[in-house]
Protein chains: 2
Amino acid sequence: MAEARSGRSATLADVARLAGVSAMTVSRVLNDRGNVSASTRIRVQRAMDQVRYRPNAMARSLALGRSQTLGVVTFDTAQYGPGSAVLGIERAARERGYGVTITVIERPDHDALRSAVLSLDDRMVDGMVVIAPFAAMAGALRDLGRGTPIVAAEAGHQGEVPIVGIDQGLGARLATRHLLEFGHRTVHHISGPADWIESRLRSDGWRAEPGDRGVTAPPALDGDWTAQSGYEAGMRLADDGSVTAVFVANDQMALGLLHALHERGVRVPQDMSVVGFDDIPESAYFLPSLSTVRQDFARLGAVAVELLDRLVTDDDFVADDRLLIEPSLVVRESAGPPSP
Amino acid sequence: MAEARSGRSATLADVARLAGVSAMTVSRVLNDRGNVSASTRIRVQRAMDQVRYRPNAMARSLALGRSQTLGVVTFDTAQYGPGSAVLGIERAARERGYGVTITVIERPDHDALRSAVLSLDDRMVDGMVVIAPFAAMAGALRDLGRGTPIVAAEAGHQGEVPIVGIDQGLGARLATRHLLEFGHRTVHHISGPADWIESRLRSDGWRAEPGDRGVTAPPALDGDWTAQSGYEAGMRLADDGSVTAVFVANDQMALGLLHALHERGVRVPQDMSVVGFDDIPESAYFLPSLSTVRQDFARLGAVAVELLDRLVTDDDFVADDRLLIEPSLVVRESAGPPSP
DNA sequence: TGCCGAAATGATTGCGCTAACATTTGGGTG
DNA sequence: CACCCAAATGTTAGCGCAATCATTTCGGCA
């Protein structure tokens with residue numbers, strides 16, 4: 001006869017009845033509010049244990065207007081970046097006592113984003129992280145004009161919504177500089193797809209780095225993040241005797257490039273140097289191991305959630321437009337000095 | 001003057017007031033119940049549009065006892081398998097009108113799993129998918145003894161909870177057979193960590209495949225899924241002249257193996273054949289491209305969610321113990337006949 | 001024209017919890 | 001020992017929605 005109504009799990013009222021107090025007192029014990037005598041507290045706790053009481057999060061949310069849940073909007077991709085970011089966010093959220101509800105959108109367009117955000121709103125999430133690596137999402141984010149706090153991750157600058165990201169431009173410059181410092185006259189580039197913000201930022205960084213070195217960047221080859229596209233670009237680069245160094249916008253494409261170069265008998269790094277971006281776990285074991293730019297996604301998630309938490313908790317808090325995390329260069333074997 | 005109470009978003013009561021009907025009628029329109037005249041329906045819909053009404057999912061859940069949300073329990077890893085499975089589950093859930101709440105557990109032990117499941121229960125999820133690739137989780141799953149339906153994915157057999165998975169044993173046999181059919185006398189093996197169920201199943205499949213061919217399997221080398229461990233195992237295999245074929249329990253380790261063999265001057269597939277497992281997107285561009293076993297995680301997610309949906313919807317439904325999806329062999333360049 | 005039954009609509013109540021206010025209890029103080 | 005204040009506890013109401021049952025409306029038929 002532990003449970004009042006068999007079947008359903010015990011409610012706060014059941015506990016109150018069992019402990020011989022009012023529901024309110026149980027609620028106070030539950031939420032560790034003061035003003036409960038030690039003896040009743042113990043009695044209530046005993047009752048809770050006895051019926052294995054678990055507070056109903058929904059009911060609490062409804063009463064409070066808050067859900068202790070954060071929403072994450074991401075899109076349908078197995079890409080390393082977004083996937084890692086979600087994990088980082090989830091972990092950080094959990095550490096701060098939030099649950100996480102995920103909504104995946106199929107296409108990164110205005111309507112899909114809007115409806116994802118609305119559906120998270122319906123679930124009364126306290127805040128959202130939108131992973132928005134597409135240029136097309138910038139406008140959509142701006143148009144939301146909303147109440148519950150939103151933080152964009154891996155996004156470009158669009159005003160309105162605060163951004164948390166890893167400094168793509170800096171990463172690209174680190175990679176390019178690494179190559180230039182080996183003495184390469186110029187650095188070629190395989191870019192990501194044009195509709196990704198990060199792709200543009202990496203290309204911009206690559207183009208900007210030579211600076212006053214008096215080097216003009218050659219035209220970039222367009223990739224689409226896949227190893228396949230890196231392979232195709234590699235086939236073209238292999239035929240161009242003037243190419244001695246390539247900055248590739250991600251590690252998968254760099255893998256494709258390495259594959260193509262190997263097929264063509266171009267040795268890396270002796271004949272051609274390659275630097276990638278992302279530092280996926282595999283890249284240390286490419287042939288040769290890949291010099292690349294590491295992004296700390298766990299950190300990204302932590303920063304995004306911390307920011308969001310503040311926005312949720314403190315009404316007066318005004319967030320910076322932009323929080324950038326510094327990436328770092330990982331030097332391995334795929335880049336070296338040009339052969340004389 | 002569109003919204004009744006400025007600030008907060010409109011409630012069903014606001015719509016009712018505006019349309020001049022009772023809340024119940026609005027609810028009927030909302031849920032597309034019958035017994036509403038065309039004219040009132042239109043009037044109500046207009047009112048809804050006017051105040052941009054969005055039903056509050058929490059309130060509905062509380063009233064209904066159902067939340068149209070599925071919970072996913074996974075654990076903290078960037079492994080390709082679990083990550084892909086989560087995506088597949090999310091997509092399938094969305095297609096069936098469910099939201100998804102994710103809980104990541106740090107360690108795959110009894111208590112962590114239990115508390116994750118309880119916390120999802122608190123949120124009144126209608127069902128859960130537990131991604132449980134660790135042997136240690138089997139017992140924990142059995143101990144739950146619960147009310148809301150649970151489906152385990154990528155798990156071993158433990159009774160109690162229905163399992164959805166990809167047939168690891170079959171995959172391992174396909175890989176091993178592929179090598180044997182090239183004429184290799186025996187197939188060596190680099191295994192995954194012993195505490196992963198899938199790791200054991202793959203090793204078992206490998207050991208079983210030779211069957212009556214009269215080949216006895218050599219001892220396996222222990223890996224831990226990382227390319228690093230594959231590399232280390234590779235260093236040992238390279239020194240053993242008798243090894244001509246290796247089945248590696250995942251593609252990352254296969255990559256490490258390829259790296260090690262390359263360093264030692266062992267040619268693949270001429271001197272040694274290699275088959276991996278998973279078919280990660282990169283493996284087609286390894287050097288050489290990797291023959292491997294493909295797992296369809298999207299399908300896995302879809303099957304898991306479909307099963308869960310039935311368990312949720314139909315009280316009388318009794319699930320099969322075990323639903324296995326067939327993996328397929330992807331033949332590329334890393335395996336071939338032994339040199340004479 | 002009056003009556004009947006089905007369709008349309010409404011009133012009440014409760015899901016499980018907490019905020020806000022009301023009430024009681026228990027010392028310490030003069 | 002009465003009084004007062006603070007601590008402890010209880011009461012009421014409401015978060016937004018839907019199930020249940022009650023009531024109204026309306027068309028069809030004798």
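Labels below follow one simple rule: chain letters A, B, ... track the order of the sequence lines, proteins then strands, and each chain is numbered from 1.
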So, [X] and [Y]: side-chain donor and acceptor under 3.5 Å apart, yes or no?
X: A:N56; Y: A:T11; value: no
X: A:T69; Y: A:T101; value: no
X: B:T148; Y: B:D121; value: yes

| Within the structure shown, what part of the strands sits under 4.0 Å from A:S61 by heavy-atom distance: base, sugar-phosphate, or nothing? |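 A:S61: no heavy atom of the nucleic acid under 4.0 Å.
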| said: Using a heavy-atom cut-off of 4.0 Å across all strands, would you classify B:R33 as base, sugar-phosphate, or nothing? | reply: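 Counting heavy atoms under 4.0 Å across all strands, the contact made by B:R33 is with sugar-phosphate only.
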Please determine, for the side chain of [X], which listed nucleotide ([options]) has the closest atom?
X: A:T40; options: C:dC15, C:dG16, D:dT9; answer: D:dT9
X: B:L62; options: C:dT18, D:dG10, D:dG16; answer: D:dG16
X: B:V21; options: D:dG14, C:dG10, D:dC17; answer: C:dG10
X: A:R28; options: C:dT9, D:dT9, D:dT11; answer: D:dT9
X: A:T25; options: D:dA18, D:dG10, C:dG16; answer: D:dG10
X: A:P55; options: C:dC17, C:dT18, D:dT9; answer: C:dC17
X: B:S37; options: C:dC17, D:dC17, C:dT9; answer: C:dT9
X: A:S22; options: D:dG10, C:dT18, D:dA18; answer: D:dG10
X: B:L64; options: C:dC17, D:dT11, D:dA18; answer: D:dA18

Return the value, rounded to whole Å, for the distance between atom [atom1] of [X] and atom [atom2] of [N].
X: A:L30; N: C:dA19; atom1: CG; atom2: P; value: 11 Å
X: A:D14; N: C:dG16; atom1: CG; atom2: P; value: 8 Å
X: A:N31; N: C:dC17; atom1: CG; atom2: P; value: 10 Å
X: B:N35; N: D:dC21; atom1: CG; atom2: C1'; value: 14 Å
X: B:I42; N: C:dT9; atom1: CD1; atom2: C1'; value: 17 Å
X: A:L12; N: D:dG14; atom1: CG; atom2: P; value: 20 Å
X: B:M24; N: C:dA7; atom1: CE; atom2: C1'; value: 15 Å

| field | Test salt bridge (charged side-chain N to carboxylate O under 4.0 Å, His left out) applied to A:R17 and A:D14, step by step | value | CA-CA 5 Å; A:R17 208 170 307 132; A:D14 297 329; 3.3 Å; yes
| query | Is it true that a side-chain atom of A:T313 and a backbone atom of A:R310 form a donor plus acceptor pair closer than 3.5 Å? | reply |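 Between the backbone of A:R310 and the side chain of A:T313 there is no qualifying donor-acceptor contact (under 3.5 Å).
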